[in-house]
Amino acid sequence: MIETNNTHDENLKSWIESANAPDTDFPIQNLPFCVFARACTYESVRVGVAIGDFVLDVYACYESCLFDDESFTVAVGTNNYCLDHSIMKKNQNLQSAFRRRLVEILSADADEDTQKNVKRNLLPIDEVQFYMPAHIGDYTDFYCSIFHATNVGSMFRPENPLLPNYKFVPIGYHGRASSVVISGTEIVRPKGQNRADETAPPQFVACKNLDYEMEVGFFVGKPNELGETISIDDAEAHIFGLCLVNDWSARDIQAWEYQPLGPFLAKNFATSISPFVVTMEALAPFRTEAFVRDENDPPPLDYLSSDANEKAGGFDINLEVYILTEKMRDENSEPFLLSRSNTKDLYWTPAQTLAHHASNGCNLQTGDLMATGTVSGREKTERGCLLELTWRGKEPIQLPNGETRRFLEDGDEIIMKGFCERAGFRRIGFGECRGVVLPTE
Ligand code: MN
């Protein structure tokens, strides 16, 4: 577990004024990584760091001799087009040293020459196009919210909502890495088998019950060899950082196909992620205890249990989901808030899911993405997908302009946000994860 240090000092200021705005997602205490290129150019993509309203071009800084320590050459100097070939696969000491150097050159205390040198390598964030932060070799999605699992279970199996394995096994399925897309990518409504009429054969039609799922993902940094397991106490050393995830879901296809092997085409047509990877070190001030289990619940098995995980394995990340329909866009309306939830309510921590994933010797690789599953809380307002919010379409949502939604319509945009706040520390944010639904082709 990474301790807080002076890079988390809430009084740290940057010479970049927009990084000092109280509501910015990217103060000097955050410094999330991204991969970007200047929009509408043929410039090559490279690694960047978000700071205030800018992206810092890390490779250009290296060329400007701002990272002259030899160890940083290794971190940023080669194959600098994605994180899994640079900083993501380095050890945590080097990542940490690199963060300290970034704070030095961006801090209000930096000398004038340094500031001048850095300034040449800053691009306004709205002039930048973002790309996938890493080559994702494998993507696994878990089912960590007991509230989501209980709600969904009770729709399909009212007499037996939570299956007997839930409190023992961090349930997951292997998603599809090739269809993970960066925020802003348009999502085409998939076609698939629908069997709404149980007395007739299924039809192959455009998905009728298209949904989003508000999730948080983490990228594997340090890999493990095939056959090698990862202990719960080592698990976090294998996690590089976190991002927002929208696991788009076709509920009608899912309901028909999911038994007996779980989700398949209902989930693998698209998964959106936010462009910024917030590092484990940046998140150090926002750790919480793991979920406090009911006294009647079984304790986690030994390989999923440790004092450190119990004390601070959780993350206090506030999540918000907004909808902006086509009509709302035409009317110039603000996006409408659908739900608020928090990762601290997850039954399983990221360390537990990672230790479980590797517990059979499965090799995890740098750049692999793992997601929490829909983050829902106890309250109705904390439900992280439409399936739960509208109770499978039975209780439509009323939008302020008179529109209603059971599931997503063509033209709807889903906007996800995440941020951390704690007294004594600077607020940090995750940026946005957005996607517009397009009609079936
Ligand atoms: Mn999911």
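Reckoned from all heavy atoms, side chains included, excluding hydrogens, waters and symmetry mates. Numbering of ligands and ligand atoms starts at 1, following listing order. Since this is a predicted model, take the numbers as computed values, not measurements.
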Can you name the N/O/S atom of [X] that is nearest the Mn ion (ligand 1)?
X: E213; answer: OE1
X: E215; answer: OE2
X: D141; answer: OD2
X: D247; answer: OD2

Passes salt bridge (Lys or Arg N to Asp or Glu O under 4.0 Å), D141 versus K267? Steps please.
-> CA-CA 10 Å; D141 196 17; K267 296 278 191 176; 5.2 Å; no
Given F276 and F130, is the ring-ring contact (aromatic ring centres under 6.0 Å, His included) satisfied, shown in steps?
-> CA-CA 9 Å; F276 307 102; F130 292 103; 5.0 Å; yes
Flag the pair R287 and E236 as a salt bridge only when some basic side-chain nitrogen lies within less than 4.0 angstrom of an acidic carboxylate oxygen.
-> yes
Return the orientation label for the F240 and F33 ring planes: parallel under 30°, perpendicular over 60°, tilted otherwise.
-> tilted
